[in-house]
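Lettering follows sequence order; numbering is per chain, from 1. What's counted below: heavy atoms across the whole structure, side chains too, no hydrogens, waters or symmetry copies.
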Protein chains: 2
Amino acid sequence: MGITERKEREKEQRREDILDAAERVFRDKGLAAATMDEIAEHAELGKSTLYLYYKSKEDLYLAVTMRGGEHLYEMLKAAASTGEPSVKRVWNMGEAYLAYFNQYRHYFQMYYFLENSQLHSQVSPEMSELCALADQKIWGVVVSTIQEAIDEGLFEKDVVPIQAAVMFWSNCNGLMRQMDRQDAYWEKALNINLEETMQKGNMLLMEGMMTQKGRLEFEKAMNQQQTNREKEET
Amino acid sequence: MGITERKEREKEQRREDILDAAERVFRDKGLAAATMDEIAEHAELGKSTLYLYYKSKEDLYLAVTMRGGEHLYEMLKAAASTGEPSVKRVWNMGEAYLAYFNQYRHYFQMYYFLENSQLHSQVSPEMSELCALADQKIWGVVVSTIQEAIDEGLFEKDVVPIQAAVMFWSNCNGLMRQMDRQDAYWEKALNINLEETMQKGNMLLMEGMMTQKGRLEFEKAMNQQQTNREKEET
DNA sequence: TCACGTACTGACTACCAGTCGTTAAATAAT
DNA sequence: ATTATTTAACGACTGGTAGTCAGTACGTGA
């Protein structure tokens, strides 16, 4: 009898429905201003029902955040699987992160919460664990691509993959934060394009990591991409 | 008659007393878990009195944050005024930011709030303005030192000071966030020292900005510092 | 038809930011 | 010296929210 299975599916569906409602409300109002009552209303459920599926408002918030993490993971994986040389694919991932930021800004913003552990008092250990795993999955894509570049002699042998990864992340993330907060100010008052700045930063980091061979491969791949784009335009 | 002046001083003193109490409570509990009642108790005042001096809990929090900003400003200014070559002083400021992080961790953590504009709904425009000014003061120190380095031909002419500054900031800040959140994990599980990583990142950025002359000056200044330290130890 | 378990709920509690009418004390005016 | 006025402070209150819990409705299996 498939009753247990059906019930399992239905339960899973409820979890998703609640997540949909929560995503909408959190997106519109942010964590602090969103209320569980409002989420419940959108989900067409009583507030107390939400607590049967998620242990706290913060847990629910993180569950939505992890949806965003899944998107990022997919985009990074795609960027790391183009068949281009590894150095170019490392670069691609910076661009993919930027695309993620532009396409899924609200998910990006949710990471503010994840990164501030002072706010995690209401987060269940289980959810913390899930987040840590999702996090590792994402780092994994970046690290393994950098490792490839080292193995192929395109990055210097003394580059430490996870260390390089956190440097790229730090540069990208910091710049995107500025974009998120006051892109207009940088553009108008300071005449600085932050997207370009981010690319410049990644470039400087890569320059310091690549071998001579890596630099050649990278330049070739960039030119190749340029040519392909021009072809597509005709 | 100095009555008005005395009252003015007393009022200012109250503001400081409240700030002291708030700093203690915020430091121990963070923004969310701290309550205005508790701050009032520490300040030996009624809760409603706090609202005569600060418009909201968030305003009070930012006022404490700005105290921290003042410390950072002083430390950066000191690092930028050692009489060493400008390139070395740019480097110093990264080290100073790190020292600030280690010495005033609780202030550093308060910036999480400042950087998340989603949480600013209760912040008064006046306080926002004050924060923006304090922010600019800090950027100013960094930018002008980088400008010196360019003028002296130690950084390449095509370096844009404010752009370089935001790159350094981004690298430092991102790494410190990781240190703050899970330094132990990086150290033990991944065998990565994040302070070194931060320095390495700054170094890569500088390498990409310095002229040949700048590299020589920088190396000389670093050796000089090393020698001085060895002397001090004897 | 009845007993049981499950999913769900509305009413409730505890708590907290922020407000308001009042009080007490210091200062100014008479 | 006495009264009026301004100022600083406060306690009691409001509105709103996260999270709880006793109870209900309904599908399932006997």
Inset, instruction - By nearest nucleotide on DNA chain D, pick out whichever of A:S48 and A:T35 is the more 5' one. - result: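 First, find each residue's nearest nucleotide; the 5'-ward one identifies A:T35.
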Quick one: the side chain of [X] and the base of [N], do they pair up donor-acceptor inside 3.5 Å?
X: B:K11; N: D:dA8; result: no
X: A:K47; N: D:dG19; result: yes
X: A:K57; N: D:dG19; result: no

Inset, instruction - Fit a plane to each ring of B:Y100 and B:Y107, take the angle between them on a 0 to 90° scale, and name the class: parallel (under 30°), tilted (30 to 60°) or perpendicular (over 60°). - result: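 Judged by the thresholds at 30° and 60°, the geometry between B:Y100 and B:Y107 is parallel.
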Legend entry - B:Y51 vs D:dC10: side-chain N/O to OP1/OP2 distance below 4.0 Å: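 For D:dC10, OP1/OP2 do not have a side-chain N/O of B:Y51 under 4.0 Å.
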Inset, instruction - Check whether any side-chain nitrogen or oxygen of B:Y53 sits under 4.0 Å from OP1 or OP2 of D:dA8, and answer yes or no. - result: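 It does not, given that no N or O in the side chain of B:Y53 lies less than 4.0 Å from OP1 or OP2 of D:dA8.
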Inset, instruction - Answer with yes or no whether the side chains of A:N102 and A:E195 bring together a donor and an acceptor at under 3.5 Å. - result: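 Yes, a side-chain donor-acceptor pair sits under 3.5 Å.
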Legend entry - Distance, rounded to the nearest Å, where B:Q122 contributes CD and C:dA17 contributes C1':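 Going from CD in B:Q122 over to C1' in C:dA17 covers 8 Å.
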Legend entry - Whole angstrom value for the distance that separates C1' of D:dA18 from CG of A:L31: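 Atom CG in A:L31 sits about 12 Å away from atom C1' in D:dA18.
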Inset, instruction - Report yes if the side chains of A:E12 and A:E16 come closer than 4.5 Å at any heavy-atom pair, otherwise no. - result: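 A side-chain contact under 4.5 Å exists here.
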Legend entry - Nearest-nucleotide comparison on DNA chain C, the residue closer to the 5′ end among B:S56 and A:R14: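 In this pair, the answer is A:R14.
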